[in-house]
Amino acid sequence: MLYREFHSHPELSGQEQWTSGRLARELREAGCEVIRDIGGTGIAALLRNGNGPVLMIRADMDALPIREETGLPWQSRVTTVDSRGREVGVMHACGHDLHMTALVGAARALSALASSWRGTLLLIGQPSEESVSGAARMIADGLYTRIARPDAAIALHVAPDLPAGCVGYREGLISAGGESLDMVVRGIGGHAAHPETTRDPVVLAAQIILALQTIVSREIAAPEMAILTVAAVHGGSKHNAIPDEVVLQVNVRYFKPEIRDHLLTAIRRVADGIARAAGLPPDRLPKITILPESVPPVENDPGLTGRVAGAFLRSFGPDRVTKIDPATGSEDFGIFGKVDPPVPICYFRVGCGDSGGFLHSSMFAPDPAVIRDASHALVIAALEILAPGGPSQEREGR
Ligand code: ZN
Ligand code: ZN
């Protein structure tokens with residue numbers, strides 16, 4: 001079974017060689033013309049079917065550096081060496097293997113249903129979703145200029161928090177923006193016997209970490225969404241040596257750009273203020289670098305999403321279609337829409353039920369039945385967008 005094959009061959013972000021080759025083969029067999037190596041390992045598969053709109057459907061391909069502990073017969077036993085030279089397990093713990101399999105299912109079905117639609121399907125295998133860089137790289141490598149510019153783009157993600165068989169949609173904002181930044185807290189190192197000759201960056205970093213916690217709790221109004229996390233602290237090498245610097249890895253999440261701006265400005269202000277209070281000169285204040293793995297919020301086009309949700313309601317029935325709240329997770333699918341002029345996008349979720357594990361957990365073990373639902377949802381959405389004569393006439397004709 002294709003899903004088990006993808007699942008037992010996980011590859012980390014940017015290394016999706018085997019995966020993209022396997023996906024390309026399946027899409028070619030479904031009747032598509034496949035172009036490979038777009039923005040790294042990205043692929044685009046075209047299914048042309050006469051005059052009509054171009055609809056892009058994206059599946060992401062990468063896995064995570066997590067050692068699988070589900071005990072399933074098809075569990076991943078793959079390991080690799082990470083950027084720091086440590087051996088890590090690799091696992092499809094975010095369901096991207098399900099997304100790819102559903103994409104193949106939709107390609108086969110839409111190929112067989114060619115008399116029911118007109119236009120071009122542009123099916124995408126996107127690398128590096130977990131590092132939120134693959135979408136931007138595919139666009140920079142000419143996805144829209146060399147291959148096809150879509151009139152609409154859709155994507156789905158499996159959701160353990162939705163009941164199995166349920167589809168969750170939302171017009172407008174559906175997932176948070178996120179920024180990752182490195183903060184180098186600089187001090188003046190020295191011997192632990194003589195702290196008076198130093199400016200200890202470990203103490204400084206500790207003060208900064210605690211002070212950062214009050215930005216969200218004391219500066220952001222309660223109804224707004226803002227999250228600030230210091231997720232890693234690196235510094236020092238010996239019990240009796242005060243280091244010169246400590247590096248903090250900070251992540252922020254937001255729904256509104258003005259909240260993002262407030263958080264970033266406040267982080268700078270708090271860090272600088274504490275460093276000054278510790279007596280550091282202006283050229284030794286903390287150095288903050290915003291990393292490229294930052295993403296804007298995903299904002300669904302209301303018109304497109306309304307049409308797709310309407311089609312879901314007619315096909316799945318009201319018990320299986322639900323309007324969901326925006327998620328605090330981030331995703332780079334929104335970048336496919338943020339071009340000039342914008343491409344309307346619709347990102348939705350398909351419930352895979354609570355399997356005892358959540359996304360990014362070593363115990364994530366979704367029911368593979370979600371593939372059928374996800375594939376079905378993609379076909380319904382595609383037929384809604386690509387049906388000749390538009391959705392209203394088609395509905396009346398049924
Ligand atoms: Zn993920
Ligand atoms: Zn994911």
Side-chain angles (χ1 to χ4, degrees), residues 3 6-7 9-16 19-20 23 41-42 57-70 76 78 80 82 88-103 124-138 153-162 167-168 170 174-180 227 229 231 251 253 291 293-298 300 324 326-336 345-355 357-368 370-371 373-375 377-378:
Y3 162 65
F6 279 133
H7 188 81
H9 285 87
E11 292 173 302
L12 292 180
S13 306
Q15 302 173 12
E16 305 89 346
T19 307
S20 60
L23 182 60
T41 60
I57 307 179
R58 183 215 62 175
D60 33 18
M61 303 190 293
D62 50 338
L64 288 154
I66 293 173
R67 192 176 299 274
E68 180 160 356
E69 288 168 14
T70 60
S76 160
V78 175
T80 189
D82 73 3
V88 288
V90 187
M91 176 188 178
H92 269 297
C94 201
H96 299 183
D97 45 357
L98 301 160
H99 303 167
M100 289 185 281
T101 314
L103 184 74
I124 297 295
Q126 184 205 307
S128 303
E129 190 283 323
E130 295 294 352
S131 58
V132 291
S133 55
R137 253 187 259 142
M138 288 190 82
I154 62 174
L156 63 83
H157 206 293
V158 295
D161 52 334
L162 276 180
V167 179
R170 182 180 183 85
I174 186 152
S175 79
E179 301 277 356
S180 292
I227 301 176
T229 301
N251 180 260
R253 281 151 197 277
L291 302 184
E293 55 187 66
S294 297
V295 270
V298 178
N300 279 338
I324 53 175
T328 53
S330 296
E331 146 79 70
D332 68 350
F333 179 65
I335 289 177
F336 286 114
I345 63 166
C346 173
Y347 178 79
F348 57 94
R349 299 183 196 280
V350 179
C352 59
D354 183 1
S355 57
F358 34 86
L359 295 178
H360 291 209
S361 138
S362 60
M363 296 298 287
F364 179 59
D367 181 353
V370 68
I371 295 164
D373 300 323
S375 192
L378 291 176

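Just follow the structure's listing: the first ligand is 1, and inside any ligand the first atom is 1.
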Subject >> Metal check, the Zn ion (ligand 1) vs H360 N/O/S, cut-off below 2.8 Å >> reply: yes
**OP:** Check the side chains of E68 and H7 for a donor-acceptor pair under 3.5 angstrom, ignoring hydrogens and angles.
**Re:** yes
**OP:** Tell me, please, if E331 has any N/O/S atom, main chain or side chain, under 2.8 Å from the Zn ion (ligand 1)?
**Re:** no
**OP:** For the atoms SG of C94 and NE2 of H157, give the angle they form at the Zn ion (ligand 2), rounded to 10 degrees.
**Re:** 100°
Original post:
Which atom, counting only N, O or S, brings E130 closest to the Zn ion (ligand 1)?
Top reply: OE2
Subject >> E16 vs L23, side-chain contact (heavy atoms from CB on, under 4.5 Å): CA-CA, chis, key distance, verdict >> reply: CA-CA 10 Å; E16 305 89 346; L23 182 60; over 6 Å; no
**OP:** Classify the side-chain pair S175/E331 by whether it contains a donor and acceptor separated by less than 3.5 Å.
**Re:** no
Subject >> Atom of A63, atom of M91 and distance for their closest heavy-atom approach >> reply: CB-O, 3.3 Å
